[in-house]
Amino acid sequence: MHNIAMNSSLRSLPEVRSDAEVDSSLDQRRRELVAALCQVLPREMVLMRHEDTVAFECDALTAYRASPLVVVLPDTETQVAATLGICHKMGVPVVARGAGTGLSGGATPHRSGVILSLAKFNRIVNIDAESCTATVQCGVRNLAISEAAAAYGLYYAPDPSSQIACTIGGNVAENSGGVHCLKYGLTLHNVLKVRGFMADGQPVEFGSHALDAAGLDLLSVVVGSEGMLAVTTEVTVRLIPKPPLARCIMASFSDIESAGAAVASVIAHGIIPAGLEMMDRAMTAAVEGFVHADYDLEAAAILLCESDGTPEEVEEEIGRMEQVLKAAGASRFEVSRDEAQRLKFWSGRKNAFPASGSISPDYMCMDSTIPRRCLAEMLRSIQEMEVKYNLRCVNVFHAGDGNLHPLILFDAEDADQMRRCELFGADILETSVRLGGTVTGEHGVGVEKLNSMCVQFSAAERAQFLGVKRAFDAGELLNPGKVIPTLQRCAEYGKMHVRRGMLQFPELPRF
Amino acid sequence: MDAKDPVLARLVEQVGSAQAHRTPLDIRGGGTKRFYGGVPAGEPVDITDLSGITSYEPTELVVTARAGTLLRDLEAALAEQGQCLPFEPPRFAAGGTVGGMVAAGLSGPARASVGSVRDHVLGMTLLNGRAEVLTFGGQVAKNVAGYDVSRLIVGSLGILGIICEVSIKVLPVSVATATLRFDWDETHALRQLCGWRAQPLPINASAWHGGRLHLRLAGAQAAVEAACKALGGERVEPSQANTWWTGVRDQSEDFFSLRAASEAPGESISESIWRLSVPATSGVIALPGEQFIEWHGALRWWKTGAEAAQVRDAANRVGGHATLMRGADRSAGAFAPLSEVLMRVHQGLKEAFDPERIFNPGRLYAGL
């Protein structure tokens, strides 16, 4: 199955088990666990009744659901440590959870495990304008950091589209990107220190307030580890001066090839735009109907190319960008006059997901990355796949860094459409790997891309990942079953793979 | 990377045999950083034959090179396309390799502004202690499939495996640069560097030594000119500035040379060079000896005869750590001791990558 980002009104999959059906051994386990937890936590922080835990059954990948054994809502680090200590002693899996905005099921509960909700860790500990750093608890929202830093003329650069809701702890887990990461880097490049706890409840710090720390660079693997190596409770991030000015170019191209070539050409001319995004014609039409931003509906593709910095820098860079884009064959060209127009240019791109929801009952959002030079080839392949799987696909790209978000439109009530959609998605991911890319650029593996990991990595590489996990979490209790597929799972996926092309067989199993 | 490559096949065989016999291996590239970390020991493994740029697409801002490729050759190939390794890896002598650059993980003057070697590594092919050839990451900047193992290897001094091939993010050379000089004492220089941090200035590198601060600006022409005007100071002539920054990068500046014991008769304690990586806003750090400050205050080099404990304590007090960079006596370990919990993770990672403990024993920490 793939990243099925369903509309909010959507029918969710039927619950696998209701509270009443939970078998008695799990029930017994729950009673023991709750008793132990209530020794160290106030009773109201331990949720076990179905009506209290149902909200935690999935993250933004709503197609995957499970009932956790218990949900714990601590508000101090001591309570986190105590919870982990108990779970460690009892061998209970722990899934840490922030805002639950993840798109790959990284926070999907474990049926016999605890959901460790860190939502109450929402305090900004310190904004240090002198060192340009912010130390915040893990449950602080991404955007809240920039809002708090704004008083000092500073901001936190990584800006995933969900930044109004997603938390910094979740960003650390996923190594989140955003539209500005071509110039300003990913979460890893903007995090100095992560404080948290090991699986057994021992406190730990990765990184430091200096620019490096002694020993192996553990911060590099902790960031992006999807909650499988340690539990994050506090993060120190780097803040940067807010650029005094940002201006955006909107350029139309009459064919996909020249749009792809224009992206390469901007980079080839030594320009690193603050943002460089592409939408294809179908996507443009969908968002125009949604935001009415006066997009060029004739264009095969639209590029948004942004420059930020001091007024002198921006003027110089916009001039260079204009030259390059016009030489690359831009058919329509506009530079934002003011902030209002810049935001208008961006409004469609920022609303790509809801706009897709407005033209189709369901959509599946893909998230692969390919080398920039393959953008046109990839778009052509996707067009062929639309015919092959008889489904429509609209495309938004973080073109500057080759990260694709094709949105496959389908109706989940139609089982055959759902099946074709999954095959379409798998085809996009495998094509991305073949072109030298990766199955996930920024949304993470979670549970959703476990099968694709079998395509991208060899058995020895997957075993090495598992070795890394065990070095941190020998008992494999933190978010078990995510990110690294088992050998058996990959073997089964391999078998399906062979049969995959034969769409005419309705008995083909779903995966 | 092609496993049938004859040079790689030879390395695989050598590692396989070392694994079977538990023979310690001493991984060698150009041998330009033998002084760094614990004393090298073991049967030599030469990776210099594993050389050459595998792929370079300037429009992708990515270069992939095999570990034995000379840093000099890589940087020349990038320069032809107007690109560079923005983190300015040091060349302590001729013959430094890409593998050595990544294994040591050392970055030069621009690090505080543009990021480190680790920040720019996108992917890697690694030969682990089970003689398996593994590829992690890739050639694209955004990639969250699996743990970011290739970045974990940066700075690991070879203890987890042999780096075979690396993909690195590169950047265009800045359109304009300028170097300014200010005659300021340490306190004043640190205070100014602090004040500039929160402003949108194109500051790319800074170096303070002996009452003088050098500041390099890099970026758009207009931005650099505007900053020069705003900051004042004395503008350094470009070729002279280049020589200065190269000297800082490669540590060929006078400050970084140690007098041999024979040149300093009568001194009972020999001097060492220590690298103190500290929060940039730490005030003046007092130790006996002489100091060289980089990274806008985040890197303090000390040439001192002080005991290891005193130096480490000075770094610890401000939340940093001290590394013995150059010195005759490495018996106290080159790197700051780790907490028990972090050492346990280090042991676990060693076990996971190199179960027979054959690679570069003791180079990072004793027992690893």
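Labels below follow one simple rule: chain letters A, B, ... track the order of the sequence lines, proteins then strands, and each chain is numbered from 1. What you see below is based on every heavy atom in this structure, not just the backbone, and it leaves out hydrogens, waters and symmetry mates. Bear in mind that the values here come from a model prediction, so they are computed numbers and not experimental data.
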Query raised in the report: Who wins among B/Arg118, B/Glu57, B/Arg151 for the most heavy-atom pairs under 4.5 Å with chain A?
Result: B/Arg118
Report summary line: Turns out that what part of A/Pro311 lies under 4.5 Å from chain B's heavy atoms comes down to neither
Query raised in the report: CG/A/Leu218 to CG/B/Leu152 distance, rounded to the nearest 0.5 angstrom?
Result: 6.5 Å
Requested in this report: May I ask you to test the A/Leu211-B/Leu299 pair for a side-chain heavy-atom distance under 4.5 Å?
Outcome: no
Report task. Please look at A/Val483 and chain B and tell me whether the side chain, the backbone, both or neither of the residue comes under 4.5 angstrom of a heavy atom of that chain. Result -> side chain
Query raised in the report: Is B/Phe353 close to A/Val468 at the side-chain level, that is, under 4.5 Å between some pair of heavy atoms?
Result: yes
Query raised in the report: In terms of heavy-atom pairs under 4.5 Å with chain A, which of B/Arg130, B/Gln221, B/His346 leads?
Result: B/His346
Requested in this report: Go through the atoms of A/Arg470 and report whether side chain, backbone, both or neither lie under 4.5 Å from a heavy atom of chain B.
Outcome: neither
Query raised in the report: Should B/Lys169 and A/Asp401 count as an ion pair when the cut-off is N to O under 4.0 Å?
Result: no
Query raised in the report: Will you find, in the side chains of B/Asn143 and A/Thr369, an N or O donor that is under 3.5 Å from an N or O acceptor?
Result: no
Query - chain B contact via A/Gln202 - side chain, backbone, both or neither, heavy atoms under 4.5 Å - result: side chain
Query raised in the report: Would B/Lys142 and A/Asp367 pass as an ion pair if we require N to O under 4.0 Å?
Result: no
Report summary line: Heaviest contributor of heavy-atom pairs below 4.5 Å to chain A, chosen from B/Gly138, B/Gly146, B/Gly115, is B/Gly146
Query - Atom group of A/Asp473 that falls short of 4.5 Å from chain B, counting heavy atoms - result: neither
Query raised in the report: Can you say whether A/Ala129 sits under 4.5 Å from chain B via the side chain, the backbone, both, or neither, judging by heavy atoms?
Result: backbone
Requested in this report: State whether the side chain of A/Glu316 and the backbone N or O of B/Ala222 hold a donor-acceptor pair below 3.5 Å, judged by distance alone.
Outcome: yes
Query raised in the report: Side chain, backbone, both or neither: which part of A/Leu216 has a non-hydrogen atom closer than 4.5 Å to chain B?
Result: both
Query raised in the report: Hey, what do you get for NE2 (B/His120) to NE2 (A/His189), rounding to the nearest 0.5 Å?
Result: 7.0 Å
**Report entry** Heavy-atom proximity to chain B below 4.5 Å, by part of A/Leu154
**Finding:** side chain
Query raised in the report: Going by heavy atoms in the side chains, are A/Gln464 and B/Phe136 under 4.5 Å from each other?
Result: yes
Query raised in the report: Pick from B/Gln83, B/Arg197, B/Glu132: which one has the most heavy-atom pairs with chain A under 4.5 Å?
Result: B/Arg197
Query raised in the report: Is there a side-chain contact between A/Thr440 and B/Val144 (heavy atoms, below 4.5 Å)?
Result: yes
Query raised in the report: What pair of heavy atoms forms the shortest contact from A/Asp212 to B/Ser277, and how long is it?
Result: OD1-OG, 2.5 Å
Requested in this report: Measure the shortest side-chain to side-chain distance between B/Thr59 and A/His269 over non-hydrogen atoms and say whether it is less than 4.5 angstrom.
Outcome: no
Report summary line: The interface call for A/Ile240 against chain B, heavy-atom contacts under 4.5 Å, is neither
Query raised in the report: Which one of B/Cys194, B/Ala141, B/Ser156 has the most heavy-atom pairs closer than 4.5 Å to chain A?
Result: B/Cys194
**Report entry** Residue A/Asn403 versus chain B: region with a heavy atom under 4.5 Å
**Finding:** side chain
